[in-house]
Novice: 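Please see the structure below; I have some questions.
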Amino acid sequence: MKPCLKYGLVPALAAASLTAGALAAPAHAAPPALTAAPGAAVQDGARLHTNAELARALRTIEKASNGRVQVRSVGESNEGRPLWLATLGTGPKRVMYVTQQHGDEPLGTESAIHTLRTLGLGGGKDVRELRKKITLAVLVRANPDGHERQWRYNYAPDAKPEYGEPGKGYDINRYHNPDMKPEDNPATEAGVIQRAYAAFRPSIMVDYHMQGRYAFPPPDGREITTSIMWPTNAKVPAAALRSSKQVAVRVNEAFTKAGAVVSQYPGGEYEGIARNAYGIRGSASLLVELSALPPERERFQIRTAHKSMVDLALAAGQGKLDGIDPAAADRIPPRGPALPSGERHDHAD
Ligand SMILES: [Zn+2]
């Protein structure tokens, strides 16, 4: 894994990797592992990896794995930051996770790091067996430039994006159209994901995002911690829709067992959204949205998503998805109204 030499040209924002409410800490002083913000009133707010710390954490995992985890850059962001793809396992079932296409939706990346440790470094029988049954690829933090700025878009300030924001950049998750060639893709990082997908050919593709805060309507009233959705574009082949819903049912169960409160996500049909695009291309495709809960619940959010990643890999490896009734996905309840305390400039997917 080679470090990105252009990285140093971009001024680091000291607080860029921290969620609102967490205390800033000097980037160079932070260990790659999660630690609570030191001395903070918010004891359990997750300390997120900066881009440099993410690179170090992945390198550490790779080294500790004795060759079981490979980490390489599969492309660069507009500002030259590497997009890391970590792979493990030698099995025929191919599973791919993508995190943080939207730069200000960071928690899935933290879950992915834990997942690579669990499945790449674990020596238990289950995990050893699993590595013979599946090959897992994780594209960790697809939008490092957006992460650096704590915004949704990539960094393309001179662009006039059809989807995105002038002066900022493209919304990467609108540029996965199956008909668009990676070399013609104006959203650089989406093109990198398209290439990685085409090279890896996953049968399961899960895309981790974050949403605002929502609750089920009364009398239930519980806050929703996680929303999920399968592809909803009409061009998705029936077999891919079926397998996507089977994945949704399993992921719903994994989150729920971990204590999450799960709803469907009211996502759109546009084919440039990864959830739809990779379904159209034939994969079982799923969107996961972790709610932006207060800092003291970020570790919970990271943990539940980590469990969902590990569980889906195990279920895929053990052939437990095929027997699931896809219609059970339709019985996952719809998302309720936004909470006033959770106001957030919220876009679809
Ligand atoms: Zn998102």
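Each ligand, and each atom within it, is numbered from 1 in the order the structure gives. Numbers here simply count residues along the sequence, with the first being 1.
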Novice: Hey, is E62 close enough to R59 for a salt bridge, meaning N to O under 4.0 Å?
Specialist: no
Novice: Do the numbers put R94 on top of the ring of F200, so that NZ or CZ is under 6.0 Å from the six-membered ring centre and no more than 45° off the axis?
Specialist: yes
Novice: Examine R281 relative to Y197 and say whether NZ or CZ is less than 6.0 Å from the centre of the six-membered ring and inside a 45° cone about the ring axis.
Specialist: no
Novice: Could you check which N/O/S atom of H209 is closest to the Zn ion (ligand 1)?
Specialist: ND1
Novice: Would you name the heavy atoms of V69 and A86 that are closest together and state the gap between them?
Specialist: CG1-CB, 4.5 Å
Novice: Please confirm if an N, O or S atom belonging to E105, backbone or side chain, lies less than 2.8 Å from the Zn ion (ligand 1).
Specialist: yes
Novice: With the Zn ion (ligand 1) as the reference point, give the N/O/S atom of H102 that is nearest.
Specialist: ND1
